[in-house]
Amino acid sequence: LNAFIPARGGSKGIPGKNLRRLGKDTLLERTIKQGKSSSFVDKVIVSTDDEDMYRIAQDYDVATPALRPTFLATDEAKTIDVVLYTLEEMEIDSGYVLLLQTTSPLRMLDDINNLCKIFDKRADEAQAIVTVSEITSSHPDKIQKIEDGYLKSYLGKDSHVPRQSLPNVYELNGACYLTHIDIIKEQRTFIPEKTIPFVMPIERSVNLDTMLDWYMLEKLIEEKVVSVEEYDVEIET
């Protein structure tokens, strides 16, 4: 199992995001340590276009052979293309890929290990497994759009139905994606048709995208609403 960590420089939503420190580690180091701490992971791979992050990856012996090329380091570049490029670059053509994003700082090692265990048990029937969290705010059936100056149901549903009578709905929380390399190569996706969910608690499903997300996370930690799991992984010598 290859744990793949994309770590692009030049984040606009949260400047210097991957090198921001949470607890004793940066977001990048924390994610590297999580991957290295999992008994299911055979190899951790960090892909980055940033020299400082590349040096960190080298320190932990998880760097790609070279910096990520410029055409894969733009805002428009897709993670799946970065993964495909790296697999070819490192001549990895079999096995599984576990995508771990640095933007899920409250993901725990148990989340990774339990997700791998579930997928291992259902590998004969499932093509992938991804982490999700329940949507508890606005239900999709109640979402509105403005059309010709008037409010209309976005999905064409009755928006007055009591929330309690609607089915539970979930969203991808970005913490983990696990699938076979063949799926990535043939279908160019981490979410093929037979993808099973791994439901994570809402409080651990923080996904850092903007500075508001960062400030809210800092406040949650300060108020001890959530905690940051720490790992003891030594730098390679």
Side-chain angles (χ1 to χ4, degrees), residues 3-35 46-54 56-57 67-68 70-83 98-109 111-112 115 130-140 142-146 154-155 169-177 189-191 197-231:
F4 187 90
I5 303 170
R8 186 174 68 88
S11 171
K12 294 178 181 178
I14 305 177
K17 175 173 59 183
N18 293 320
L19 295 177
R20 283 180 176 259
R21 194 167 294 278
L22 203 62
K24 68 178 183 180
D25 294 315
T26 62
L27 294 182
L28 175 58
E29 290 173 300
R30 169 179 169 74
T31 310
I32 291 171
K33 289 183 176 183
Q34 274 193 330
V46 171
S47 169
T48 183
D49 63 311
D50 181 271
E51 292 186 358
D52 290 334
M53 287 191 276
Y54 191 72
I56 291 173
L67 284 168
R68 187 191 303 183
T70 305
F71 76 93
L72 288 174
T74 65
D75 290 339
E76 292 76 29
K78 297 179 180 179
T79 300
I80 194 71
D81 292 328
V82 176
V83 173
L98 170 66
L99 181 66
L100 297 176
Q101 301 191 102
T102 61
T103 48
S104 298
L106 299 182
R107 174 189 53 221
M108 299 176 68
L109 182 58
D111 293 321
I112 296 173
L115 174 136
V130 302
T131 51
V132 298
S133 58
E134 187 176 354
I135 297 175
T136 58
S137 53
S138 180
H139 194 282
K142 291 181 174 290
I143 293 177
Q144 305 291 302
K145 62 181 177 180
I146 299 176
Y154 184 75
L155 296 177
V169 288
Y170 301 84
E171 61 182 344
L172 301 172
N173 68 4
C176 301
Y177 298 77
T189 182
F190 275 95
I191 315 174
F198 180 86
V199 182
M200 282 177 57
I202 297 170
E203 61 270 18
R204 291 210 305 278
S205 295
V206 171
N207 195 336
L208 298 172
D209 187 44
T210 66
M211 285 305 301
L212 179 60
D213 297 329
W214 182 265
Y215 296 141
M216 291 177 66
L217 176 60
E218 288 186 320
K219 188 63 176 177
L220 289 171
I221 294 171
E222 178 186 331
E223 297 293 331
K224 295 183 169 48
V225 176
V226 298
S227 60
V228 178
E229 195 173 63
E230 305 279 12
Y231 308 96

List the atom of [X], the atom of [Y], and the distance in Å for their closest heavy-atom pair.
X: Thr48; Y: Ala7; result: OG1-O, 2.6 Å
X: Leu100; Y: Ala3; result: CD1-CB, 4.2 Å
X: Arg107; Y: Cys176; result: CD-SG, 3.6 Å
X: Gly9; Y: Asp49; result: N-OD1, 2.8 Å
X: Ser205; Y: Asn173; result: OG-ND2, 3.0 Å
X: Thr102; Y: Thr31; result: CA-OG1, 3.4 Å

Can you measure from [atom1] ([X]) to [atom2] ([Y]) and round to the nearest 0.5 angstrom?
X: Leu217; Y: Ile221; atom1: CG; atom2: CD1; answer: 4.0 Å
X: Leu98; Y: Phe190; atom1: CG; atom2: CZ; answer: 8.5 Å
X: Thr103; Y: Asn207; atom1: OG1; atom2: CG; answer: 4.5 Å
X: Leu155; Y: His139; atom1: CG; atom2: NE2; answer: 9.5 Å
X: Lys17; Y: Thr210; atom1: NZ; atom2: OG1; answer: 10.0 Å
X: Leu106; Y: Met200; atom1: CG; atom2: CE; answer: 8.0 Å

Tell me if the [atom1] atom of [X] is crowded by more than 12 foreign heavy atoms within 6.0 Å.
X: Phe71; atom1: CZ; answer: yes
X: Tyr154; atom1: OH; answer: no
X: Glu222; atom1: CD; answer: yes
X: Met216; atom1: CE; answer: no

Among residues at least two apart in sequence or on other chains, which ones pass salt bridge (Lys or Arg N to Asp or Glu O under 4.0 Å) with [X]?
X: Lys24; result: Asp232
X: Glu223; result: Lys219
X: Lys142; result: none
X: Lys12; result: Asp75

Evaluate the side-chain proximity of [Y] to [X]: yes if any heavy-atom separation is below 4.5 Å, no if none is.
X: Glu134; Y: Val169; value: no
X: Leu72; Y: Asp81; value: yes
X: Ile32; Y: Ile56; value: yes
X: Val206; Y: Asp213; value: no
X: Thr131; Y: Leu115; value: yes
X: Arg8; Y: Met53; value: no
X: Val46; Y: Phe4; value: no
X: Arg20; Y: Thr26; value: no

Query raised in the report: For residues Ser47 and Arg68, is any side-chain donor paired with an opposing acceptor at under 3.5 Å?
Result: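 Side chains of Ser47 and Arg68: pair found under 3.5 Å.
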Requested in this report: Determine whether the side chains of Ser104 and Gln101 contain a donor N or O and an acceptor N or O closer than 3.5 Å.
Outcome: no
Query - Any donor-acceptor N/O pair, Arg30 side chain to Pro105 backbone, under 3.5 Å - result: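 Here the side-chain-to-backbone pair exists.
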Requested in this report: With sequence neighbours left out, write down each residue that passes side-chain contact (heavy atoms from CB on, under 4.5 Å) with Leu172, or none if nothing qualifies.
Outcome: Val130, Val132, Tyr177, Ile191
Query raised in the report: By side-chain contact (heavy atoms from CB on, under 4.5 Å), which residues pair with Pro201, not counting sequence neighbours?
Result: Glu203, Arg204
**Report entry** Electrostatic pair Lys33:Asp25 at N-O distance under 4.0 angstrom
**Finding:** yes
